[in-house]
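Note that the structure is predicted; figures quoted are calculated from it, not measured.
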Amino acid sequence: MGTMHRSGLAPRRTNENAKAIITTILGILFGTFIGISLPSLSFKINIPSALISSLDVALSDGKLLSGSHDDKSPEHFGSRKFPQIYVPTNPRGAELLPPGIVVATTDLYLRRLWGEPNEDLKKKPKYLVTFTVGFEQRNHINTVVKKFSEDFQILLFHYDGRTTEWDQFEWSKSAIHISTRKQTKWWYAKRFLHPDVVSAYEYIFIWDEDLGVEHFNADKYIQLVKKHGLEISQPGLEPNNGLTWEMTKRRGDREVHKDTKEKAGWCSDPHLPPCAAFVEIMAPVFSRDAWRCVWHMIQNDLVHGWGLDFALRRCVEPAHEKIGVVDSQWIIHKVIPSLGSQGKSENGKAPWQGVRERCKKEWTMFQSRLAEADKEYLGRMVKG
């Protein structure tokens, strides 16, 4: 029976071997045919335009398949012919780009890392409010922020380097935090509030951290600023607290005032500072257009901003009509010298004394630079 079993399998094995040989021969022939035909084949890949990368372009052009890339890296795959472009009206540096792709401004809107970009923002803030803060003033700032509605984007500049601790407040998680130690709000403003960065906001508040807001409502303030055509403004100051100038003193019988009477001899012209066209630098509010001018006047090295308040009138016309104080929404200056403590004790002087001396020196320097700039410009005009 063993012999009969083996003899019954012999024809079957012969047939299987023959099939294997025939299959191998057909496979070789088919492979040869494909190899010869492949260069002449063209492929069309339909991919959503939003997903096309330089590598996809190379594939669609057949460069990878044809072996014509000469071992170049993927960054070369996207080199295709494009029209020669030069648009002198584009922003400086973007003249070689088609205008349709140029985005000359930006914003501080917070966006998601997922989903459709056009669905990122449920509501766009209309206004920007900034505070330059230290963590010790957190509870006070928490009270102040609550006076600003969802129409305001909150931006905190941290001069003490402490940022994450602020997340104990829910609003802080949607605020913007920028931190550099021992810097002032004007240092921050010059570097992070470029007009093309904040152009999305109608008004920009650049406030100190020690302002009481018990009698202040931000939305009502904006309404009054628009009603009275103020391009540069500030809330009135409670008369009994931290008052330096009569112009910024709150008046209880009106919504807004634009001029005042000062000490004898202080105002050579009733339309000039400090009797008009004047607000202080502790709590200024700028329209978008006014800020575009003011930003360019801030000096990189004069970080305290002293003297700037007397020059703000150069950025709006007529200044005595477009700069004013909002009386019916007022604040209280608590006079907390918190930034002064960030100074350095030298020559036996307290840290705050060194800061104050720097402020006064900067005021003189700014006035000198402005006067020299006027003189230079007028000299060119005469020669021209």
Side-chain angles (χ1 to χ4, degrees), residues 47-58 60-61 63 72-111 116-118 120-121 124-128 130 153 155 176 178 186-204 206 229 231-232 284 286-302 305 308 311-319 322 366 369-384:
I47 301 176
S49 59
L51 299 179
I52 294 180
S53 66
S54 59
L55 182 60
D56 299 323
V57 172
S60 64
D61 287 345
K63 293 180 181 178
K72 291 183 178 179
S73 60
E75 63 193 17
H76 293 89
F77 297 155
S79 57
R80 296 185 296 172
K81 290 184 178 180
F82 51 84
Q84 293 297 315
I85 295 173
Y86 186 83
V87 185
T89 55
N90 277 359
R92 187 176 64 177
E95 294 87 354
L96 301 182
L97 298 176
I101 200 62
V102 174
V103 181
T105 62
T106 186
D107 54 64
L108 297 174
Y109 300 149
L110 301 179
R111 294 186 174 274
E116 294 293 332
N118 60 5
D120 284 348
L121 305 174
K124 292 183 178 180
K126 298 178 182 179
Y127 319 112
L128 177 67
T130 75
Q153 174 66 61
L155 168 57
I176 298 168
I178 298 176
W186 298 109
W187 183 92
Y188 282 112
K190 186 64 173 180
R191 287 149 183 83
F192 298 103
L193 300 182
H194 186 282
D196 288 342
V197 172
V198 298
S199 64
Y201 307 101
E202 295 179 38
Y203 293 92
I204 300 99
I206 303 181
E231 296 289 323
I232 301 176
F286 302 96
S287 71
R288 180 193 294 120
D289 292 338
W291 177 245
R292 182 168 290 278
C293 172
V294 172
W295 182 89
H296 285 88
M297 194 163 48
I298 300 171
Q299 307 292 289
N300 285 323
D301 57 333
L302 306 185
L308 188 64
L312 295 175
R313 63 189 178 89
R314 292 170 175 261
C315 287
V316 292
E317 293 182 341
K322 294 188 177 182
F366 181 78
R369 291 182 189 181
L370 194 54
E372 186 62 30
D374 284 339
K375 180 180 178 181
E376 180 184 356
Y377 172 78
L378 293 174
R380 290 203 309 266
M381 292 300 99
V382 171
K383 292 180 182 179

(message) Using 0.5 Å steps for rounding, measure from the CZ atom of F286 to the CG atom of L312.
(response) 5.5 Å
Going by atom type alone, with no hydrogens or angles, which donor-acceptor pairs under 3.5 Å involve a side-chain atom of residues 82-90 and a protein atom two or more places apart or on another chain?
unit_1: N90; atom_1: ND2; unit_2: A94; atom_2: O; d: 2.9
unit_1: N90; atom_1: ND2; unit_2: L97; atom_2: O; d: 2.8

(message) Tell me every residue that passes ring-ring contact (aromatic ring centres under 6.0 Å, His included) with F192, counting only those two or more places apart in sequence or in another chain.
(response) none
(request) Determine which pairs satisfy side chain to side chain donor-acceptor pair (under 3.5 Å) with at least one residue from residues 102-111, sequence neighbours left out, and list them in order. (result) R111-D120
(request) Taking all heavy atoms of W291 and all of A189, pick out the closest pair and write down the distance. (result) CH2-CB, 4.0 Å
(request) Identify the two heavy atoms, one from M297 and one from A311, that lie closest to each other, and give their separation to 0.1 Å. (result) CE-O, 3.5 Å
(message) Other residues, nucleotides and ligands only: do more than 12 of their heavy atoms fall within 6.0 Å of CG on L378?
(response) yes
(request) With sequence neighbours excluded, tell me which residues meet side-chain contact (heavy atoms from CB on, under 4.5 Å) with N300. (result) K190, R191
(request) Hey, could you give me the CG/CD1 distance between L128 and I176, rounded to the nearest 0.5 Å? (result) 7.0 Å
(message) Under the salt bridge (Lys or Arg N to Asp or Glu O under 4.0 Å) definition, can you give me all pairs with a residue in residues 369-378, not counting sequence neighbours?
(response) D301-R369, R314-D374, E376-R380
(request) If a pair satisfies salt bridge (Lys or Arg N to Asp or Glu O under 4.0 Å) and one of its residues is in residues 193-202, list it, with sequence neighbours excluded. (result) D196-R292, E202-K226
(message) I need the R288 CZ to I204 CD1 distance, nearest 0.5 Å.
(response) 7.5 Å
(request) With rounding to the nearest 0.5 Å, note down the distance linking CD1 in I178 to CG in L155. (result) 5.0 Å
(request) Mind checking the CD-CG spacing from E231 to D289? Nearest 0.5 Å is all I need. (result) 6.5 Å
(request) Determine whether I206 and Y188 make a side-chain contact, defined as any pair of heavy atoms from C-beta on separated by less than 4.5 Å. (result) no
(message) Treating E317 as the side-chain partner and C315 as the backbone partner, does any N or O pair qualify as donor plus acceptor under 3.5 Å?
(response) no
(message) Could you work out, with side-chain contact (heavy atoms from CB on, under 4.5 Å) as the rule, every residue matching A319, not counting sequence neighbours?
(response) A277, R313, V316, I323
(message) Once ring-ring contact (aromatic ring centres under 6.0 Å, His included) is applied, do any residues pair with H194, and if so which ones, sequence neighbours excluded?
(response) W295
(message) Going by the rule ring-ring contact (aromatic ring centres under 6.0 Å, His included), which residues pair with F366 if we only count those two or more places apart in sequence or in a different chain?
(response) none
(request) With sequence neighbours left out, write down each residue that passes ring-ring contact (aromatic ring centres under 6.0 Å, His included) with Y203, or none if nothing qualifies. (result) none
(message) Applying side chain to side chain donor-acceptor pair (under 3.5 Å), can you list everything that pairs with T130, at least two apart in sequence or on another chain?
(response) none
(request) Would you mind listing every salt bridge (Lys or Arg N to Asp or Glu O under 4.0 Å) that reaches into residues 94-104, with sequence neighbours excluded? (result) none
